[in-house]
2 protein chains.
Amino acid sequence: MEFNLVSKDGHLSDCLMKKITGKRQQAIAEREQELLLLAEHIMAEHGFSGLTMDKLVAACDYSKGTVYNHFSSKEDLLCALCIKAMQTELDFFYKALNFKGNAREKLLALCFAYRLHALSHPTLFYCVLTSKTPAVAERASQERLDMQFVLEQQLGEVCNQLFVLAIENGELQPPEGTTFTQLSFAAWAMAFGSTALMLAASTAQLVQALEEEKTLMFNMNLMLDGMQWLPLSSDFDYWDSWQRVGEEVFVDELSKLKEHTRHTGAKGKIT
Amino acid sequence: MEFNLVSKDGHLSDCLMKKITGKRQQAIAEREQELLLLAEHIMAEHGFSGLTMDKLVAACDYSKGTVYNHFSSKEDLLCALCIKAMQTELDFFYKALNFKGNAREKLLALCFAYRLHALSHPTLFYCVLTSKTPAVAERASQERLDMQFVLEQQLGEVCNQLFVLAIENGELQPPEGTTFTQLSFAAWAMAFGSTALMLAASTAQLVQALEEEKTLMFNMNLMLDGMQWLPLSSDFDYWDSWQRVGEEVFVDELSKLKEHTRHTGAKGKIT
DNA sequence: CGTCAATGTTGACGATTCGTCATTTTAGTA
DNA sequence: TACTAAAATGACGAATCGTCAACATTGACG
């Protein structure tokens, strides 16, 4: 079961990457990352609505014009944060693919990565959510919107390929008249819906009655069973796999997360 | 199969409803609806980010202070729009319950209503999405946040009761160790995830390869099959049910939607 | 009917925030 | 060093937000 999935390094096709030619461009690109990091800190400190361009300008060593040279508007900045989120998410995804197991286990590993990423970077996750809002799409630069689109495709592609793999292996047979794209979309929707609702709910006052940790896996298994993706959850201990994903693939990220939640007293434990 | 579901009139428990005592309060409440309607129009015309308090003040016959008497901030206004959206959604839900059929068909009718509502009021749907964003939760008034919470509960309750019904009827058997709440949440997550992603995608440039109309039903059926909710989709023509929901329950809403999309040239046909 | 307190309304105002652009500075090159 | 293209600056105007002291309306009561 060897993989010819997406190349591991491939972040973005060059077509959309600004050409980084000289030292100059290099420095500018680095500064952009620096600004994004700063923006994250401001958000963490002043709340989501506390992030303003003026604050960012005040916090960095550059002038307003320079900042606006990077981000054409506040929404463009948000979009950039969203892109950053999806890039790190993609890294998580590729890491998840390393989990040793059958295709369905790998898909669950992907979901684990999805949730882990959202928990590790809740601020960035909200940027992604916010970027799905028209307010952002209306005002972000076309260039960044395109980049966002490409990244979305790439993320989806990772998921797609697992479906293709499962079909090739005969573990999954799409019902007549349906394509793997549809199945993949269903999985995506379930993962997104579950994660977004859970995160939004735990932010709100709602004392979550659900066993948050297992919920995503549970929901995914329901759906995958519905697809008849073998082995069915009744014949296989996916909870064991789920835990092993944490132990075998994401040890560092998990301990970092635990460390962090211990300080802030948040409750989103994951293993 | 008679229903003792939530009372049909019940919009909100009085505890959170401002007491409407005299003529005075009545007039104020009406004005609030008028303002919300106006806000919707402004959003439709000037785009999502084009809605500002100043524009709203300019467009209505009242002063800034009066408007701020209704909505403590722009985010509070958004939250109010979100509440309005959920109220009309609740109406759609109750209507969907009138569909004659088994419990699983009724749940699909609920999803039909969910999607139809999102298509009929895309602007309001985005308000709901935006209200899941911390920027809104941070700045909206507590009173309205509470109201939003209650409405969410009510919407969820409708879904819950269908699960209870199915379990009572023996059409659904929760796996050991799971409650109907978990199953209901899964359904909710799937419906939300599918709808949100589809709507966001069709807003973006993405030429949707999916057969949008069937997708939500398809995804729901996958999951319900995974729950072993009888009758399984392999033994029952749910596509027929789905279409009948439109014909038998939502004729008016559908024709209104068609009329509207014909004018604007949008593509979100639903039947 | 007149008075008064409570309630509701007004719009001018200060504080932010946004985004622009004419000017200055810097980096690279001849 | 001189010159040019690219980049940085920050003062500025426009827009938006939300407040508040002054004003108006209502209705209860003598």
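Lettering of chains follows the sequences in order, A, B, ..., and the numbering in each one begins at 1.
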Under 3.5 Å, sequence neighbours excluded: what are the donor-acceptor pairs made by side chains of residues 36-43 of chain B?
from: B:Glu40; atom 1: OE2; to: B:Lys84; atom 2: NZ; distance (Å): 2.8

Please enumerate all protein N or O atoms sitting under 3.5 Å from an N or O of nucleotides 18-23 of chain D, with distances to 0.1 Å.
from: D:dG18; atom 1: OP1; to: B:Arg139; atom 2: NH1; distance (Å): 2.7
from: D:dG18; atom 1: OP1; to: B:Arg139; atom 2: NH2; distance (Å): 3.1
from: D:dG18; atom 1: OP2; to: B:Tyr68; atom 2: OH; distance (Å): 3.1
from: D:dG18; atom 1: OP2; to: B:Lys74; atom 2: N; distance (Å): 3.2
from: D:dG18; atom 1: N7; to: B:Lys64; atom 2: NZ; distance (Å): 3.4
from: D:dG18; atom 1: O6; to: B:Lys64; atom 2: NZ; distance (Å): 3.0

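What separates CD1 of B:Ile28 from P of D:dT25 is a distance of 15 Å, to the nearest Å. Distance, B:Gln26 CD to D:dG27 P: 14 Å, rounded to whole Å. Distance B:Leu51 CG to D:dA15 P: 17 Å, rounded to the nearest Å. Atom CG in A:Asp61 sits about 11 Å away from atom P in D:dG10, given to the nearest Å.
Judged as a salt bridge (charged side-chain N to carboxylate O under 4.0 Å, His left out), the pairs with a partner in residues 43-59 of chain B (not counting sequence neighbours) are, in order, B:Asp54-B:Lys64.
Qualifying ring pair (Phe, Tyr, Trp, His ring centres under 6.0 Å) partners for B:Phe92, counting only residues two or more places apart in sequence or in other chains: B:His117, B:Phe250. Not counting sequence neighbours, B:Arg31 has no partner by the salt bridge (Lys or Arg N to Asp or Glu O under 4.0 Å) test. Scanning for side-chain contact (heavy atoms from CB on, under 4.5 Å) contacts around B:Asp76 gives B:Phe71, B:Ser72, B:Ser73, B:Ala140, B:Ser141, B:Arg144, with sequence neighbours left out. Applying the side-chain contact (heavy atoms from CB on, under 4.5 Å) rule to A:Ser131 yields the partners A:Cys82, A:Val136, A:Gln148; only residues at least two apart in sequence or on another chain are considered. Residues satisfying the side chain to side chain donor-acceptor pair (under 3.5 Å) criterion with A:Thr52, sequence neighbours excluded, are absent altogether.
Classification of A:Glu152 and A:Lys132 as a salt-bridged pair holds, one side-chain N sitting under 4.0 Å from a carboxylate O.
Interface limits on DNA chain C: the 5'-most and 3'-most nucleotides within less than 4.0 Å of chain A heavy atoms are C:dT17 to C:dA27.
At the heavy-atom level, A:Thr52 lies under 4.0 Å from the strands shown only through sugar-phosphate atoms.
For the pair A:Thr66 and D:dT9, the criterion of a side-chain N or O lying under 4.0 Å from OP1 or OP2 is met.
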